[in-house]
Amino acid sequence: MPTNPVFTPVDNNGNVIGAAGTPSAVNVANSPTVFTVVQPSAVLYSEAAQSRTANGTTAAQTWTNNVAAAIVGVNVTAFTGGTNLVISLQQQDANGVWQTIGSSAAITAAGTATFSVGQGMATGAVLVSGGSYRLAWTLTGPFVALTFQLSVQGR
């Protein structure tokens, strides 16, 4: 069941209204009060680490309603051979064509990486509620061993 966003009224100094030492009521029409909306994050996609030595994609997934931003996480546990790995988040357009809406920097060793897309992010792509998305990976050079896992969280 979805959780309602949390509304926290704050004054010009960032103090929570109604907290000790701050006003208990504010005329919103004549006030510089800011209301912060925080949508809880949700895991949209997660997988176990898998060995891969060729370019590929995940199966198509469906954006849930009200997802405005997403973070893609990459965990590379084995990296032997090739030069780099790039992970992309793709969204299907109205013509059924997969469009890349964000990508990681080139990953050149075992470790972790992230990138974000959507409202308020450097890559401000519109995430289409109910639309299809997938993750894609592109490898440069022949890999002897490459194991990684992917995840997507959204809010």
Side-chain angles (χ1 to χ4, degrees), residues 1-10 12 14 16-17 28 31-155:
M1 175 195 287
T3 306
N4 291 331
V6 176
F7 295 92
T8 306
V10 295
N12 269 348
V16 175
I17 295 174
V28 175
S31 164
T33 301
V34 175
F35 291 90
T36 305
V37 178
V38 179
Q39 181 74 18
S41 65
V43 174
L44 303 176
Y45 178 84
S46 182
E47 66 178 22
Q50 299 179 41
S51 176
R52 299 168 170 120
T53 54
N55 296 342
T57 64
T58 63
Q61 309 295 313
T62 301
W63 289 119
T64 56
N65 291 334
N66 301 322
V67 173
I71 183 170
V72 175
V74 184
N75 180 26
V76 179
T77 57
F79 191 104
T80 306
T83 307
N84 64 57
L85 160 70
V86 175
I87 304 297
S88 299
L89 179 62
Q90 299 178 333
Q91 184 169 255
Q92 202 167 32
D93 68 17
N95 292 317
V97 177
W98 289 102
Q99 304 289 343
T100 297
I101 59 174
S103 295
S104 70
I107 300 167
T108 59
T112 61
T114 62
F115 66 93
S116 301
V117 297
Q119 182 179 339
M121 305 296 169
T123 304
V126 173
L127 307 183
V128 180
S129 293
S132 296
Y133 74 94
R134 69 183 183 184
L135 295 162
W137 52 92
T138 304
L139 312 178
T140 303
F143 276 86
V144 175
L146 178 62
T147 303
F148 61 92
Q149 65 188 117
L150 303 169
S151 67
V152 179
Q153 285 184 277
R155 64 178 176 138

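In what follows, residues are counted from 1 in the order of the sequence shown.
Listed by first then second residue, pairs satisfying side chain to side chain donor-acceptor pair (under 3.5 Å) with a partner in residues 131-141 read N84-T140, Q90-R134, not counting sequence neighbours.
Q119 CD: 12 or fewer foreign heavy atoms inside a 6.0 Å radius.
Here the closest heavy-atom approach between residue V152 and residue W63 is recorded as CG1-CZ3, 4.4 Å. Between A54 and L139, the closest heavy-atom pair is N-CD1, 3.2 Å. Counting all heavy atoms, side chain and backbone alike, T62 lies closest to G130 at CG2-O, 3.5 Å. The two residues L85 and S104 come nearest to each other via the heavy atoms O-OG, 4.4 Å. Of all heavy-atom pairs spanning A125 and I101, the tightest one is CB-CB, 3.7 Å. Nearest heavy-atom pair, L146 versus F143, reported as atom, atom and distance to 0.1 Å: CB-CD2, 3.8 Å.
A heavy-atom distance below 4.5 Å is not found between the side chains of L44 and Q61. The shortest side-chain heavy-atom distance between L89 and L135 falls under the 4.5 Å cut-off. F115 is not listed as a side-chain neighbour of T123, based on a closest heavy-atom distance of 4.5 Å or more. Taking the side chain as every heavy atom from C-beta outward, W98 and T57 never approach each other to under 4.5 Å.
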Could you walk me through whether Q149 and E47 pass the side-chain contact (heavy atoms from CB on, under 4.5 Å) test, one step at a time? CA-CA 6 Å; Q149 65 188 117; E47 66 178 22; 4.3 Å; yes
side-chain contact (heavy atoms from CB on, under 4.5 Å), that's the test. Do I107 and F148 meet it? Break it down for me. CA-CA 11 Å; I107 300 167; F148 61 92; over 6 Å; no
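Without hydrogens or angle criteria, D93 side chain to N95 main chain gives a donor-acceptor distance under 3.5 Å.
Looking at V117, V86, I87 one by one, the single match for side-chain contact (heavy atoms from CB on, under 4.5 Å) with S103 turns out to be V86.
By the side chain to side chain donor-acceptor pair (under 3.5 Å) test, Q153 is found to be paired with no residue, residues two or more places apart in sequence or in another chain being considered.
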